[in-house]
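All values derive from a computational prediction rather than experimental measurement. Side-chain atoms are counted along with the backbone in the values below, which use heavy atoms only and exclude waters and symmetry mates. Ligands are counted one by one from 1 in listed order, and the atoms in each one are counted from 1 as well.
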Amino acid sequence: MDERTFGRSGQQASVVGLGTWQLGADWGDVDDKEALSVLEAAAESGVTFFDTADVYGDGRSEQTIATFLRSRPDLHVLVATKMGRRVDQIPENYVLDNFRAWNDRSRRNLGVDRLDLVQLHCPPTPVYSTDAVYDALDTLVEEERVAAYGVSVETCEEALTAIARPGVASVQIIFNAFRMKPLKQVLPAARAAGVGIIVRVPLASGLLSGKYTKDTVFPENDHRTYNRHGESFDVGETFSGVDYATGVEAAAEFSALAPEGYTPAQLALRWIIQQPGVTTVIPGARNPEQARANAAAAALPDLSEETLTAIRDLYDGRIKDQVENRW
Ligand SMILES: NC(=O)c1ccc[n+]([C@@H]2O[C@H](COP(=O)([O-])OP(=O)(O)OC[C@H]3O[C@@H](n4cnc5c(N)ncnc54)[C@H](OP(=O)(O)O)[C@@H]3O)[C@@H](O)[C@H]2O)c1
């Protein structure tokens with residue numbers, strides 16, 4: 001699979017990576033065996049980038065990745081984790097002592113001396129413009145606790161604030177056919193600065209696969225049930241912030257645009273991959289079949305202008321007003 005470079009850090013990542021929130025919690029039940037088989041399927045399909053977080057299953061996702069990579073010393077996978085959401089979400093918590101403690105825990109969970117990439121996990125907005133935060137992150141690099149650091153953001157404004165900082169290697173952001181605002185400023189700014197863009201929620205939590213109906217019921221312990229209105233965390237993380245009924249109808253129209261040989265989910269991924277400025281896209285997968293199908297999107301041909309225009313028109317007509325003024 002093609003790899004792309006995170007400009008500033010020089011690290012390489014496959015253009016399709018793997019999101020591993022599903023292996024932790026919040027998406028219904030995934031047992032350990034299934035979790036390991038998802039990692040295996042992704043790696044066998046050429047994926048060399050895993051995204052995790054200390055909070056996914058409170059460490060379970062990191063530990064599962066460690067178990068898998070210990071069993072496959074032949075693989076070179078860049079593992080990006082995140083820190084900062086196991087405490088109250090107040091700027092005062094984003095200080096060096098806490099960073100060291102969170103870093104110690106993630107290094108233990110992942111079984112490494114140095115993390116490849118650590119991302120601040122959608123912290124309160126003022127954190128992105130605090131000099132001391134970046135000084136502390138630079139200290140983690142100097143202490144060889146992390147090779148590089150980045151941020152995960154909710155809004156385009158937060159992304160632009162972080163991109164302006166010289167030590168930031170990557171920005172993780174929601175970007176998909178139902179969330180196009182990053183095209184305007186964030187992707188061009190990241191390209192100009194040599195900052196990697198990690199695209200999360202690329203399938204709008206699965207909506208863009210076109211497989212849900214208005215009657216689909218998700219498990220109780222799935223955020224698509226319990227966070228549909230932002231009850232537990234930012235509502236933009238669930239279905240990209242699109243209200244479910246609108247999303248299901250728009251996803252049916254989106255699915256009809258898939259060229260022959262593409263599933264709707266692959267159309268969604270291919271659309272992202274071919275946007276300049278994207279480094280890697282990290283679909284979550286609940287089973288090996290999904291992981292393999294998502295990886296296969298890397299080898300599909302680029303989409304035609306006609307398809308791109310139709311996707312744009314769908315977004316402008318149905319989705320844009322719901323999301324652009326919020327994120
Ligand atoms: N704040 C943050 O930094 C943050 C927040 C959210 C996510 N993330 C990261 O981004 C990753 C990706 O985002 P996400 O998992 O929220 O959303 P996503 O990738 O848009 O959607 C994942 C869901 O899409 C469905 N799916 C995946 N592959 C499919 C395929 N080939 N065909 C049909 N359906 C498919 C599955 O739904 P079913 O379960 O219904 O089958 C899966 O659970 C996460 O795993 C995590 O690593 C980070």
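Of the polar atoms of Val201, at least one N or O is found under 3.5 Å from an N or O of ligand 1, judged by distance alone. For a threshold of 3.5 Å applied to N or O pairs, the pair formed by Ala204 and ligand 1 contains at least one separation below that value. Checked against a 3.5 angstrom limit, the closest N/O atoms of Gln290 and ligand 1 fall inside it. For ligand 1, none of its N or O atoms has an N or O atom of Pro283 under 3.5 Å away. Considering both main-chain and side-chain atoms, Arg286 comes within under 3.5 Å of ligand 1 through a nitrogen or oxygen pair.
Residue contact check for ligand 1: Tyr212 places a non-hydrogen atom closer than 4.0 Å to it. Heavy-atom distances between Arg224 and ligand 1 reach below 4.0 Å in at least one pair.
Contacts between Ile174 and ligand 1 below 4.0 angstrom, taking non-hydrogen atoms only, are absent altogether. For Gln266, no heavy-atom contact with ligand 1 is shorter than 4.0 Å. Counting heavy atoms closer than 4.0 Å to ligand 1, residue His121 contributes side-chain atoms (C-beta onward) but none from N, CA, C or O. Proximity of Ser205 to ligand 1, defined as any heavy-atom pair under 4.0 Å, is confined to the backbone N, CA, C and O atoms. When heavy-atom distances to ligand 1 are checked against a 4.0 Å cut-off, Glu289 has no atom that comes that close, whether in backbone or side chain.
By the 6.0 Å contact criterion, CG on Asp31 is enclosed, its count of non-hydrogen atoms from other residues, nucleotides or ligands being greater than 12.
By the 30° and 60° cut-offs, the orientation of the rings of Trp21 relative to His223 is parallel. The aromatic rings of Phe178 and Phe254 sit perpendicular, their planes meeting at an angle over 60°, well past the 30° parallel limit.
Distance from atom 12 (C) of ligand 1 to its nearest protein heavy atom, with residue and atom name: Ile282 O, 2.9 Å. Considering only non-hydrogen protein atoms, atom 4 (C) of ligand 1 sits nearest to Arg200 CD, 3.1 Å. Here the heavy atom of the protein found nearest to atom 27 (C) of ligand 1 is Gly284 O, 3.0 Å. With respect to atom 22 (C) of ligand 1, the closest heavy atom belonging to the protein is Gln22 NE2, 3.5 Å. In this structure, the protein non-hydrogen atom closest to atom 20 (O) of ligand 1 is Leu203 N, 2.7 Å. Ranking the protein heavy atoms by distance from atom 25 (C) of ligand 1 puts Gly206 CA, 3.8 Å first. Scanning all protein heavy atoms for the shortest distance to atom 31 (N) of ligand 1 gives Asn294 OD1, 2.9 Å. Nearest protein heavy-atom neighbour of atom 9 (C) of ligand 1: Asp51 OD2, 3.5 Å.
In the vicinity of Gly19, heavy-atom distances shorter than 4.0 Å reach the ligand 1 atoms 11 (C), 44 (C), 45 (O), 47 (O).
Between Tyr315 and Trp271, the ring center distance fails the sub-6.0 Å criterion. Ring-centre distance between Tyr212 and Phe218: below the 6.0 Å cut-off.
Between Trp21, Phe218, Trp27, it is Trp27 that holds the heavy atom closest to atom 23 (C) of ligand 1. Of the candidates Ser152, Ala265, Cys122, Ser61, Ala265 brings a heavy atom nearest to atom 32 (N) of ligand 1. Remark: among candidates Ala53, Ala295, Ser209, the nearest residue to atom 33 (C) of ligand 1 is Ser209, based on non-hydrogen atoms.
Between Asp54 and Lys82, none of the side-chain N atoms (NZ, or NE/NH1/NH2) sits under 4.0 Å from a carboxylate O, so this pair counts as no salt bridge.
Leu23 is not listed as a side-chain neighbour of Arg60, based on a closest heavy-atom distance of 4.5 Å or more. At least one side-chain heavy atom of Thr307 sits under 4.5 Å from a side-chain heavy atom of Ile311.
Criterion: ILVMFWY side-chain heavy atoms under 4.5 Å apart, direct or through other members. Under it, Val15 and Leu75 are part of a common hydrophobic cluster.
Of the possible donor and acceptor atoms, none in the side chain of Thr5 sits under 3.5 Å from a partner among the backbone N and O of Gly7. Without hydrogens or angle criteria, Thr225 side chain to Pro219 main chain gives a donor-acceptor distance under 3.5 Å. The backbone N or O of Thr238 sits nowhere less than 3.5 Å from a side-chain atom of Asn227 that would complete a donor-acceptor pair.
Side chain to side chain, Asn294 and Gln266 fail the donor-acceptor criterion of an N or O pair below 3.5 Å.
Heavy atoms only, all atoms of each residue included: Ala136 and Leu96 are closest at O-CD1, 3.6 Å.
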